[in-house]
Structures are given as structure tokens and as C-alpha cells.
Trainee: 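Starting off with a structure, shown below.
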Amino acid sequence: MPDAKQAPSSIPVGVDTSRASIARVYDAFLGGKDNFEVDREVLRGVQAAAPQAQDLAWSNRNFLIRACRFLAGQAGITQYLDCGSGLPTAENTHQVVQRIQPEARVLYIDNDPVVLAHGRALLEENENTLFVSADIFDPDEVLSKPEVRDFLDFSQPIAVVQAGTLHHYIGTEGAQIMQKYVDAVVPGSYTVISHFYNPETPEHSEVARKMEEKFIHSPMGSGRFRTRKELMEFFPDQELVAPGLVLCDDWWPDGPRLKPLNQVEECIVGGVGRKG
């Protein structure tokens, strides 16, 4: 990925380097190199409100890895609709699940030009992974794509993954968006969601409010910290897998915790729902 200082000809077609991209900002939060100065500006702004802001991305990423291991290993899910693939990093969804279920099919959805330019080749590593360009917040568009219908068998269980995506939908119809995805899959399917969180406690709500303000008023323009009540509406017609909707770092951690979570880690939650 070229640096922002390189010649414009080296920048992929369609990329607006004056506006931050969700995928590139997430890459910057993870310490990656596939981002521009405008994306790093968002990171620095949020860090001004919460110096440990990068832990949002790491808590989200590690939760996703554990959730995918659970779905492939314990639930036996072999089909995945990963909404908002972002830029490839270590342990992408297909790598995690195909290590356990080699025949698992993973369909990535994204419409970011940088992901289209750089991510597609890396994400489509084998015949069981596919990348489709679409707006993840328009389930009608996603679900009507012939490539989606041809690649995934909607008569069999599918895991719909919305990891670190819905907080970038700042409208009021997030529950309706998820309802359409859930309606499209059969019983026995799962939903994975991680999301910025407003704990509604004096200490942590202030941190969440400050980070949200920085995200919303940044060149990216999105990053909503929702309450538990709001987030539970994103799991329609589902039963949450234990331990429910909890802090990402508390969702089946890999080992004992030797140090307390910081304020930032207390502001992102995750959950896995099963359609009965």
C-alpha cells in the first residue's frame, strides 16, 4: 500500500485520500501500513480523548477470532457471510475457520475502494473464499447479489458476521438491517456482532462519549457508542450463546486475566446469537 506522500498515480482508482476510510482507520488502529495520513488523523484524535484507543481494535479482532473458532469447532458452521471484511490482517475469518473446517466457505462483503484494490486478491486465497462488492448496510443489495446466492447455500446454516461494523451505521434502522439478515438464514444459523459500547456508568460513559465525539467529528464521520438496550435489538429472533452480550475481552478469553481491563476495553462488547 502506498504512503500518502507518494505520487497520486500510485493510489488505487476511486480512493479519496481527503476522507478517512473505515477499513483504513481500522488498519491504522491495528498498527498496519495500509492507511493514509487522513486515517491516522482519526486515530490521533481518538487517542487524544482516550490514549489506549487502539485497544478497541485489538479487543474486537481477538473477539472475532475466538467467535470464529467457536462457530467452526463447536457449532460446526461451514458457511460465513462476513460483512465489512476490511483490509486483510493476521487471522482473517477464512483462515481461522478453514483451519478447523477446511471446506468452510467464507464470503466477504465490502465496498471500500482500497479493499477492492488490495484486499480481494489476498482474501480470495482459495476456491472456498469469495469477495463481493456491496454495501453491508443495504441487506437487500447484499442478499440479492447472484454471486452471494450462488456461493452460499441459504437452505443450510450460515454465520452472519458484523464485527466492528454496525457502530459505523449512524442511522436509526440498525435493528431492521439485522432483521433482514436474520430473516434470510435458516434456523441453526448464527450472528456475530461486536460494537462500541456505552456502559452507562459515570466513569465509563464519559470516556465513551469523548471517543464517540472524536469519531463522529473526524474525517471518517462515524463511530456510535450504543447502550446495551440498543445493542440487544441487533439480535432479533435469536438466543444469545453464553455468556451473552459482554465485553469483548470477557467473551471466552483464551486464558486467565492477570491485569484489569482499561477504560477503553470496557467500551466494546461482543455477542453471538443463534436463530432457533
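Numbers here are sequence positions counted from 1.
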Trainee: Which atom pair, heavy atoms only, marks the closest approach of Pro236 to Gln179?
Mentor: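 Result for this residue pair: CB-OE1, 3.1 Å.
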Trainee: Just how far is it from atom CG of Leu56 to atom CZ of Phe29, taken to the nearest 0.5 Å?
Mentor: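 Those atoms lie 6.5 Å apart.
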Trainee: Ignoring hydrogens and angles, tell me if any N or O in the side chain of Asn128 forms a donor-acceptor pair with the backbone of Val106 under 3.5 Å.
Mentor: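 No, Asn128 side chain to Val106 backbone: no donor-acceptor pair under 3.5 Å.
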Trainee: Please report the C-alpha distance between Phe151 and Val132 in whole Å, then the side-chain angles of each, then the deciding distance to 0.1 Å, and finally whether the side chain to side chain contact (heavy atoms under 4.5 Å, CB included) criterion is met.
Mentor: CA-CA 10 Å; Phe151 189 75; Val132 173; over 6 Å; no
Trainee: Could you measure the distance from the CD1 atom of Ile22 to the CG atom of Asp39? Nearest 0.5 Å is fine.
Mentor: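 Going from the CD1 atom of Ile22 to the CG atom of Asp39 covers 11.0 Å.
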Trainee: Using a cut-off of 6.0 Å, state whether more than 12 heavy atoms not belonging to Glu141 lie near its atom CD.
Mentor: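 Atom CD in Glu141 is crowded, with more than 12 foreign heavy atoms closer than 6.0 Å.
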Trainee: Please tell me whether Val160 and Phe137 are part of a single hydrophobic cluster in this structure, the criterion being side-chain heavy atoms less than 4.5 Å apart.
Mentor: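 Val160 and Phe137: one cluster.
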Trainee: Can you tell if the side chain of Met178 reaches within under 4.5 Å of the side chain of Ile193, non-hydrogen atoms only?
Mentor: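 Touching, per the 4.5 Å side-chain cut-off.
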Trainee: In the structure I gave you, are the side-chain heavy atoms of Phe196 and Cys267 within less than 4.5 Å of one another anywhere?
Mentor: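 No, side chains not in contact.
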Trainee: Do Val185 and Tyr80 share a hydrophobic cluster, counting only Ile, Leu, Val, Met, Phe, Trp and Tyr and linking them when any side-chain heavy atoms are less than 4.5 Å apart?
Mentor: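 Looking at the clustering, Tyr80 is in a separate group from Val185.
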Trainee: From Gln95 CD over to Asn126 CG, what is the distance, rounded to the nearest 0.5 angstrom?
Mentor: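 With rounding to 0.5 Å, CD (Gln95) is 9.5 Å from CG (Asn126).
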Trainee: When you look at NZ of Lys275, are more than 12 heavy atoms from neighbouring residues, nucleotides or ligands closer to it than 6.0 Å?
Mentor: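 Count over threshold, so yes.
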Trainee: Shortest non-hydrogen contact from Asn35 to Arg24?
Mentor: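 Heavy-atom minimum between the residues: CB-O, 3.4 Å.
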Trainee: State the CD-CG distance between Gln52 and Leu261, to the nearest 0.5 angstrom.
Mentor: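 Separation between the atoms: 10.5 Å.
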Trainee: I'd like to check Ser218 versus Glu41 (side-chain heavy atoms, cut-off strictly below 4.5 Å). Are they in contact?
Mentor: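 No, every pair of side-chain atoms sits at 4.5 Å or beyond.
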Trainee: Once rounded to the nearest 0.5 Å, what's the spacing between atom CD1 of Ile268 and atom OG of Ser59?
Mentor: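 Separation between the atoms: 6.0 Å.
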Trainee: Can any side-chain N or O of Asp110 pair as donor or acceptor with the backbone N or O of Gly86 at less than 3.5 Å?
Mentor: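 Side chain of Asp110 to backbone of Gly86: a pair is present.
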Trainee: Are Leu143 and Arg149 side-chain neighbours, meaning at least one heavy-atom pair lies under 4.5 Å?
Mentor: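 Heavy-atom side-chain distance check passes, below 4.5 Å.
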Trainee: Check Ile65 against Val96 and note the closest heavy-atom contact, atom names and distance.
Mentor: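 What the structure gives for the nearest pair is O-CG1, 3.8 Å.
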Trainee: Closest approach of Phe154 and Ala184, non-hydrogen atoms and distance?
Mentor: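 That closest heavy-atom pairing would be CD2-O, 3.3 Å.
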Trainee: Does a side-chain N-to-carboxylate-O contact under 4.0 Å join Glu37 and Arg44?
Mentor: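 Looking at Glu37 and Arg44, the cut-off is met.
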Trainee: Salt bridge between Arg99 and Glu91, side-chain N to carboxylate O under 4.0 Å?
Mentor: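 A salt bridge is present here (some side-chain N lies under 4.0 Å from a carboxylate O).
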Trainee: Got Val115 and Ser85 here, is their nearest side-chain heavy-atom distance under 4.5 Å?
Mentor: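 They are in contact (side-chain heavy atoms under 4.5 Å apart), so the answer is yes.
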Trainee: Any side-chain donor paired with an acceptor under 3.5 Å for His94 and Tyr108?
Mentor: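 A pair is found: one side chain offers a donor N or O, the other an acceptor, under 3.5 Å apart.
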Trainee: Do Met232 and Arg228 touch side chain to side chain, with heavy atoms closer than 4.5 Å?
Mentor: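 Yes, their side chains come closer than 4.5 Å.
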Trainee: Would you check if the side chain of Arg61 reaches a backbone N or O of Leu30 as a donor-acceptor pair within less than 3.5 Å?
Mentor: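 Not a single qualifying donor-acceptor pair exists.
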Trainee: Going by an N to O cut-off under 4.0 Å, is there a salt bridge joining Asp153 and Arg105?
Mentor: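 Not counted as a salt bridge, because no side-chain N and carboxylate O are separated by less than 4.0 Å.
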Trainee: Working to the nearest 0.5 angstrom, can you tell me the gap between Glu212 CD and Ser222 OG?
Mentor: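 So the CD of Glu212 and the OG of Ser222 are separated by 10.5 Å.
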Trainee: Which atoms form the tightest heavy-atom contact between Gly174 and Phe234, and what is the distance?
Mentor: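 Minimum heavy-atom contact is C-CE2, 3.5 Å.
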Trainee: Which atom pair, heavy atoms only, marks the closest approach of Gln156 to Val186?
Mentor: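 So the minimum-distance heavy-atom pair works out to C-CG2, 3.5 Å.
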Trainee: Any side-chain to backbone donor/acceptor pair from Gln79 onto Pro157? Under 3.5 Å, distance only.
Mentor: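 Side chain of Gln79 to backbone of Pro157: a pair is present.
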Trainee: Determine whether Met220 and Phe215 make a side-chain contact, defined as any pair of heavy atoms from C-beta on separated by less than 4.5 Å.
Mentor: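 They are in contact (side-chain heavy atoms under 4.5 Å apart), so the answer is yes.
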Trainee: Are any non-hydrogen side-chain atoms of Gln162 and His195 less than 4.5 angstrom apart?
Mentor: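 Gln162 does not reach His195 side chain to side chain.
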Trainee: Would you find a donor on one side and an acceptor on the other, under 3.5 Å apart, between the side chain of Arg66 and the backbone of Cys248?
Mentor: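 Indeed, once roles are kept as given, a pair shorter than 3.5 Å links the two residues.
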Trainee: For Tyr190, check ring pair (Phe, Tyr, Trp, His ring centres under 6.0 Å) against everything at least two apart and list the hits.
Mentor: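 In terms of ring pair (Phe, Tyr, Trp, His ring centres under 6.0 Å), with neighbours along the sequence ignored, Tyr190 is linked to no residue.
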Trainee: In terms of side-chain geometry, is the basic nitrogen of Arg209 or Glu206 positioned less than 4.0 Å from the acidic oxygen of its partner?
Mentor: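 Looking at Arg209 and Glu206, the cut-off is met.
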Trainee: Is there a donor-acceptor pair closer than 3.5 Å between any side-chain N or O of Arg257 and the backbone N or O of Asp249?
Mentor: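 Such a contact is found between Arg257 side chain and Asp249 backbone.
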Trainee: Taking Asp138's backbone N and O only, do any of them form a donor-acceptor pair with Lys180's side chain (distance below 3.5 Å, no angle check)?
Mentor: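 It does not hold such a pair.
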Trainee: Quick one about Asn198 and Thr227 (side-chain donor to acceptor, distance below 3.5 Å, no hydrogens or angles considered), yes or no?
Mentor: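 On atom types as modelled, these side chains do not qualify, holding no pair under 3.5 Å.
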Trainee: Which residue, Ile158, Val161, Val182, Leu81, forms the side chain to side chain contact (heavy atoms under 4.5 Å, CB included) with Thr191?
Mentor: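 Of the listed residues Ile158, Val161, Val182, Leu81, the side chain to side chain contact (heavy atoms under 4.5 Å, CB included) partner of Thr191 is Val182.
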